[in-house]
Protein chains: 2
Amino acid sequence: MTGGDELAAILSALDNPHRLRILAALKVGGRNYVSQLAREIGISRPLLHLHLNKLEEAGLVTSQLELSADGKALNYFEVVAFHVELTPETVAAAAATLSDKPEK
Amino acid sequence: MTGGDELAAILSALDNPHRLRILAALKVGGRNYVSQLAREIGISRPLLHLHLNKLEEAGLVTSQLELSADGKALNYFEVVAFHVELTPETVAAAAATLSDKPEK
DNA sequence: TTCATATGTCAGAAATAACTGACACATGAA
DNA sequence: TTCATGTGTCAGTTATTTCTGACATATGAA
């Protein structure tokens, strides 16, 4: 029972090849911190930061700040176990609760 | 078993409140032609045309040109019965087959 | 102190997506 | 012929997203 806005956020978050790969990397390689993940995926850190933010806002990943052995602050991200069914029925139900602005 | 590019197209098509409502309208109200649908949803016909194109390219709707009783050519659209599961696993699998350009 | 690592943020450019307002064409009815 | 209806398309504007290149801050090691 996913709400319209919630589903919209998830779909928006998944509508990007980088973000799909980020999720895949975290799922396959396990939790990781942003600088390291940026190196592995091959995109800039600010850009990865942006994408991770969007994924986190959609509730698809979570982050946790930790201190490494040598004192560096590492922000670890990991995938959340989500499950969304996309069918005409679920889409129609979600669309009915969309809080978009119909005002001109 | 949805391919990466196929899933990307679906997600891209669903990442828009208008298109979610269009799918909902076609699912609930049944098949409809574009001018009529544009009036019901309350958006311009060229805009609806654009969105329907994107939905059709993603394989979420189909269209069929028909002649009405009074001779007008009506382009009827209807929803295709799709079913997509969104989980970390399916996303990871799809991301692995993405044909994006990793060059530069 | 300097270096290498980590964090975050932000302004501006570049690339897409969304949208509007025409235009062109066709048919049946008035 | 004119009107109302349907179809599609396209150029140009606006809005949104994506991306880069800085900047600022912090810590441990050399």
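Order of the sequence lines fixes the chain letters, A, B, ..., with proteins taken first and strands second; residue numbering starts at 1 for each chain.
We find that CZ of B:R45 is positioned 14 Å from P of C:dC23, with the value rounded to whole Å. Per the geometry, CG belonging to A:L67 stands 11 Å off C1' belonging to D:dA26, to the nearest Å. The nearest whole Å value for the distance from the CD atom in B:Q36 to the C1' atom in D:dT7 is 15 Å. Between A:D70 atom CG and C:dC3 atom C1' the separation is 14 Å, expressed in whole Å. If you take CD of B:E56 and P of D:dG8, they are 10 Å apart, rounded to a whole angstrom. Separating the CG atom of B:L48 from the C1' atom of D:dG6 is a distance of 14 Å, rounded to the nearest angstrom. Rounded to whole angstrom, the span from the CD1 atom of B:I43 across to the C1' atom of C:dT20 amounts to 12 Å. Atom pair A:L50:CG and C:dT7:P shows a separation of 16 Å (rounding to whole Å applied).
Using a 4.0 Å cut-off, no side-chain N or O of B:N16 falls inside it from OP1 or OP2 of C:dA17. OP1 or OP2 of D:dC19 has not a single side-chain nitrogen or oxygen of A:S44 nearer than 4.0 Å. In terms of phosphate contacts, B:H51 brings no side-chain nitrogen or oxygen within less than 4.0 Å of OP1 or OP2 of C:dA17. Of the side-chain N and O atoms in B:N75, none sit less than 4.0 angstrom from OP1 or OP2 of D:dG6. Taking side-chain N and O atoms only, B:Y33 has no distance below 4.0 Å to OP1 or OP2 of D:dT7. Between C:dC19 and B:H18, a contact under 4.0 Å exists linking OP1 or OP2 to a side-chain N or O.
A salt bridge between A:E66 and A:R31 is present, with a side-chain N of the basic residue lying under 4.0 Å from a carboxylate O of the acidic one. B:E40 and B:R21 are not joined by a salt bridge, as no carboxylate oxygen comes within less than 4.0 angstrom of a charged side-chain nitrogen.
Considering only side-chain atoms of A:K72, the nucleotide from D:dG28, C:dT7, C:dC19 that sits closest is D:dG28. Set against C:dC10, D:dT9, C:dA18, the side chain of A:P46 has C:dC10 as its closest nucleotide.
Counting heavy atoms from C-beta on, the side chains of A:N16 and A:L20 never come closer than 4.5 Å. Looking at heavy atoms from C-beta onward, B:R45 lies in side-chain contact with B:V34 at the 4.5 angstrom threshold.
Residue order along DNA chain D, read from the 5' end via each residue's closest nucleotide, puts B:F77 first among B:F77 and A:S12. Judged by closest nucleotide on DNA chain D, B:R39 is the one of A:K54 and B:R39 placed further toward the 5' end.
Relative orientation of the B:H51 and B:H18 rings is tilted, given thresholds of 30° and 60° on the angle between their planes.
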